[in-house]
Amino acid sequence: MTHPSTFSRRTLLGAAAALGTVALPSLAQSKTVLRISTPAVPDDWHAKMWTVFKDTLEKNAPGEFDVQINLNASLFKQGTEPAAMARGNLELSSISAFDIAKLVPEFSVFTAGYMVRDPEQQQKIFNGPIGAELFRTVSEKMEVTPLATVYLGTRQLNLREVRNVRTPGDLKGVKLRMPGSKEWLFLGEALGATATPLAFGEVYLGLKTGTIDGQDNPLPSVRAAKFYEVTKQIVLTSHLVDGIFIAISNKSFNALNAAQKQKVTAAAQAAAAYNNENRIKEEAQLVEFFKKEGLQVTTPDLDAFRKAVQTTYQNSDYAKVWPKGIVERINATK
Ligand code: KDO
């Protein structure tokens, strides 16, 4: 006969074990998985910001989310993230104005060189009525919801060999790597170069071996991806105050409850704020860093570049689909 106390202890243990085995997986299963894919290299601010996103979310919604960060385009190739999110195969990414312009043509106004003045104006544009209007269309047409605007930095030219670059005419014949879409290539051509498409992850080798003569990126990315090791010059054209947008697939966003939506949005905004603050600070210090690394840093005739690039865009098919009055509204955003 079983001793009553042994029996009851066993029963209790059994019940606890049963509870444990049932409770643990069901808790784990109830975590919402948020996979992030980005081409950013680990040392760049817009890679590190995702850790801020993850930590903020864990703090505000402990145990509710399983945030998985995939850098270096290891999960999805650069530029394929929006389609993956629209299909519900990816939860989060940071998407560019160029990605958006493919499906929301009027957004190409933000792919135009010398359109946005500086990071402060960029934040005001996208956090104000222009952003609200355009993001509504983005959500409808792309099935993703932009949550925060990230300053990627101001794009500069970065050349393999030193060249006297004063005006766009001086870039004639220069094989300038651009990311692989027609909107990006148009920008490279507008600068006067011969634009050639290449994914971000292949740029270092392209510069090293000479399959390209140069690339354009904001200075913090030139540092983080170590392009300065394989180039000799930076030309401060400041041709694009570049932004990317932390976006979540509508399928994932709509599956969240109201409190979770608010917490995910707040975490995205904290991540963007972390990036913006650090990137702006670093950007101001990098000319000295590159000089110390032995690069020539030159400033071209900015009026000549601005005029040529703006005229090219104004006369292009892109400008034909820009919302009426948007350039004036952008310029009036102070
Ligand atoms: C690039 O490929 O040059 C670019 O700067 C384009 C951006 O839109 C963004 O994809 C960025 O690369 C990556 O995040 C790597 O920094």
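Atoms within each ligand, like the ligands themselves, are counted from 1 in listed order. Any value given below was found using the heavy atoms of this structure, including those in side chains, with hydrogens, waters and symmetry copies removed.
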Using a threshold of 4.0 angstrom between heavy atoms of the protein and any atom of ligand 1, which residues qualify?
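Residues near ligand 1: Pro39, Ala40, His46, Gln78, Ser96, Leu152, Arg155, Arg177, Pro179, Trp184, Phe200, Asn217.
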Do the side chains of Val116 and Phe135 join up, straight or via other hydrophobic residues, at under 4.5 Å, putting them in one cluster?
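Yes, it is one cluster - the side chains of Val116 and Phe135 are joined through contacts under 4.5 Å.
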For residues 189-211, which residue pairs pass the ring-ring contact (aromatic ring centres under 6.0 Å, His included) check, not counting sequence neighbours?
Phe200-Phe227
Tell me which pairs pass ring-ring contact (aromatic ring centres under 6.0 Å, His included) where either residue lies in residues 74-99, with sequence neighbours left out.
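Qualifying pairs: Phe98-Trp184.
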Ignoring hydrogens and geometry, is there a side-chain-to-backbone donor-acceptor pair from Lys124 to Lys334 under 3.5 Å?
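Indeed, once roles are kept as given, a pair shorter than 3.5 Å links the two residues.
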Between Asp213 and Arg177, is the closest basic N to carboxylate O distance under 4.0 Å?
no
Contacts of Glu282 that satisfy side chain to side chain donor-acceptor pair (under 3.5 Å) - sequence neighbours left out
Trp45, Arg223
